Amino acid sequence: MMKVLDAAQSRQLEERAVQAGLRLLDLMENAGAAAVRFLRKKYDLNQKRCVVLCGKGNNGGDGFVAARRLEECGAKVIVVLMEGEPATDNARHMYSLLGGTGVKVIRYEDNAPYVPQMLESSDFILDGVYGAGFHGSAPLFMEPVFQAASQSRGVTLALDIPSGANCTTGAVEGPCVMADYTVSFSTLKNGHLLQPAKGCCGQVVVVPIGIDTALISSQESSLEVPGQETALAALKPRNPESNKGDYGRLLCLCGSEGMTGAASMSVRAALRSGAGLVNAVLPRELYPLVAAHAQEAVYTLLDFNASGGLTSEAQGRLAQALAKSDALLLGCGLGTGKTAAELLRQCLLGAEKPIVLDADGINLAARNIDILKTVKAPMVLTPHPGEMARLTGRTVAEIQLHRLETARAFAREYGVVLVLKGAGTIVASPSGRAWVNITGNPGMAKGGSGDVLAGILASLLAQGCSPEEAAAAAVWLHGTAGDRCAQRLSQTAMLPTDMIEELPGLFSELGR
């Protein structure tokens, strides 16, 4: 699992490195050198025109080092002081070392009309204006420079994070550099993974700058990235003497007229993800349609009286199924009518085992949000941005602008694990721990994809995973299956059902 730090944690890591015997000056030298080393591996720098944009803080100091190292590689280097002379001791020292080199230094305020033209014709542009500590909005006078750097025919590389992007929140509130590459020092940062900053980073490469790996591993972080090891931790070894009861009984209350596909996809995904027994609870008339696609499941069939409520026999069957279950999946294609609302209420209030609330289950809960605080069982909610907007009363645009903060706040307030779906799906737990998933692709933006995720997640819950462990593993498995589908079938043609068929090969590899 990759370490991801916010601005304060990045600063804390540097302070701990200094306490362990490193000098900040050495870290700055190593950072600038690592950025140039990355470029040298990919490009010939000899006689290339390079412009290094430097701010007055330590990110500018990294830029001064990079400028000196570029010149040593034979490049023709110009440093642009975007805000005048450096203001920190370490940056001033690195600036002074340019005096004995062929690096040309100019002040932006004296050359404002010419700098954008210079950037447009450069081979390489290094952005060292603002670093991880930046917040707020970059001054508007920088907009033509940032725009020229972003649109240049040359390669634009950001040092640590593109200038104008917030390292902690991922916000971009004003002008921002659009980089081809971002070289991040020591670890990933929140802003590399959270939109809209993520969209400004280009390809992100993490480079070491001399901080001991043990120090990095022990550093408190605000975000984690689930990976193969996350999925491996969620998959329990199978005992040769075991039976289906040892791998969990999952109850799925899903499907309604016109939405049988949601039920069958979620059930099939749960079956493919290892649950010992999957019990699909359906209106009787839907049974042939769902069972044709999910023969391995068992079915609890519901009958309704003239007023739309469950018959007494059906109520008994449902209560018995709930009592035998190790986890519940509620909502995929359930509908939002009166009958569905009453069914959901009964299951939520009667459940004692972990619950995944998805799709229509979320939409129904949004009508009476306080019901979430009355549920005794652990819960995982899996909203897309539209459903999250209904849960919170905010707009989709507001949700997307503050994805991490929104997910964390909701998880904390309602005591649930929150899976906020979308590009860079976020998992947030009530404790404040959070993950951002980097697998997946736009080909997964199709109806039914969420049903597959819900089935995988609920299956892992039924097998005994904790809600946060199941959620982090499920989003990685779901995204990885989607990436394999895209590679095999294209993002255009792939379907959610194809993702289910990728799971056997994926689990087989994990098993090896």
Side-chain angles (χ1 to χ4, degrees), residues 250-270 273 278 280-283 286 289-290 293-294 297 302 327-348 351 354-369 371-372 375 377 379-392 396 399 407 410-411 414 416-422 425-427 440 444-462 467 470-471 474-475 478-479 482 495-497 499-500:
L250 174 63
L251 181 146
C252 298
L253 179 67
C254 298
S256 59
E257 186 176 356
M259 298 292 285
T260 55
S264 63
M265 282 186 282
S266 58
V267 167
R268 286 177 58 205
S273 299
V278 179
V281 180
L282 295 168
L286 301 186
L289 298 170
V290 178
H293 299 283
L302 302 178
L328 281 66
L329 170 55
L330 308 177
C332 302
L334 184 63
T336 55
K338 183 179 177 181
T339 301
E342 181 55 28
L343 274 173
L344 182 76
R345 191 188 70 82
Q346 288 182 26
C347 288
L348 285 178
I355 300 165
V356 175
L357 194 63
D358 184 59
D360 285 335
I362 291 170
N363 292 326
L364 288 167
R367 297 175 184 175
N368 178 23
I369 192 71
I371 194 173
L372 298 180
V375 177
M379 293 188 72
V380 183
L381 272 66
T382 57
H384 58 55
E387 291 160 348
M388 195 70 208
R390 288 189 278 279
L391 285 171
T392 59
V396 171
I399 298 296
F410 191 92
Y414 291 97
V416 300
V417 172
L418 196 286
V419 179
L420 181 53
K421 295 184 289 196
T425 291
I426 290 170
V427 177
M444 298 166 68
K446 295 188 172 94
S449 194
D451 302 311
V452 174
L453 172 62
I456 297 169
L457 204 168
S459 185
L460 295 177
L461 267 185
V475 297
H478 182 245
L495 295 172
T497 47
M499 291 161 56
I500 298 172

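Given the structure is predicted, the values throughout are model-derived calculations rather than measurements. Quick note: residue numbers are just sequence positions, from 1.
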*Would you call Thr425 and His478 a side-chain contact if the rule is heavy atoms closer than 4.5 Å?*
no
*For residues Ser256 and Leu334, determine if any side-chain heavy atom of one lies less than 4.5 Å from a side-chain heavy atom of the other.*
no
*So, does Thr392 use its side chain to make a donor-acceptor pair with the main chain of Met388 at under 3.5 Å?*
yes
*Which atoms form the tightest heavy-atom contact between Leu364 and Gly337, and what is the distance?*
CD2-O, 4.5 Å
*Answer yes or no: is there a side-chain heavy-atom contact under 4.5 Å between Leu357 and Val416?*
no
*Would you say the side-chain atoms of Glu342 pair up with the backbone N or O of Thr339, donor to acceptor, closer than 3.5 Å?*
no
*Do Leu457 and Ser273 have side-chain heavy atoms sitting under 4.5 Å apart?*
no
*4.5 Å side-chain heavy-atom contact, Ile371 and Leu344*: no
*Is atom NZ of Lys338 surrounded by more than 12 heavy atoms (other residues, nucleotides or ligands) closer than 6.0 Å?*
no
*side chain to side chain contact (heavy atoms under 4.5 Å, CB included) partner of Met379, the single match among Val356, Leu328, Val417, Leu348*: Leu348
*Glu257 CD: over 12 foreign heavy atoms closer than 6.0 Å*: no
*Check: Val278 and Cys252 side chains under 4.5 Å, non-hydrogen atoms*: yes
*So do the side chains of Phe410 and Ile369 get within less than 4.5 Å of each other, counting heavy atoms only?*
yes
*asked:* Any side-chain to backbone donor/acceptor pair from Ser459 onto Ile456? Under 3.5 Å, distance only.
replied: no
*Side-chain donor-acceptor contact under 3.5 Å, Asp358 with Thr382*: yes
*asked:* Measuring only between side-chain heavy atoms, which start at C-beta, is Leu372 closer than 4.5 Å to Leu381?
replied: yes
*Taking Ser266 for its side chain and Ala454 for its backbone only, find out whether a donor-acceptor pair lies under 3.5 Å.*
no
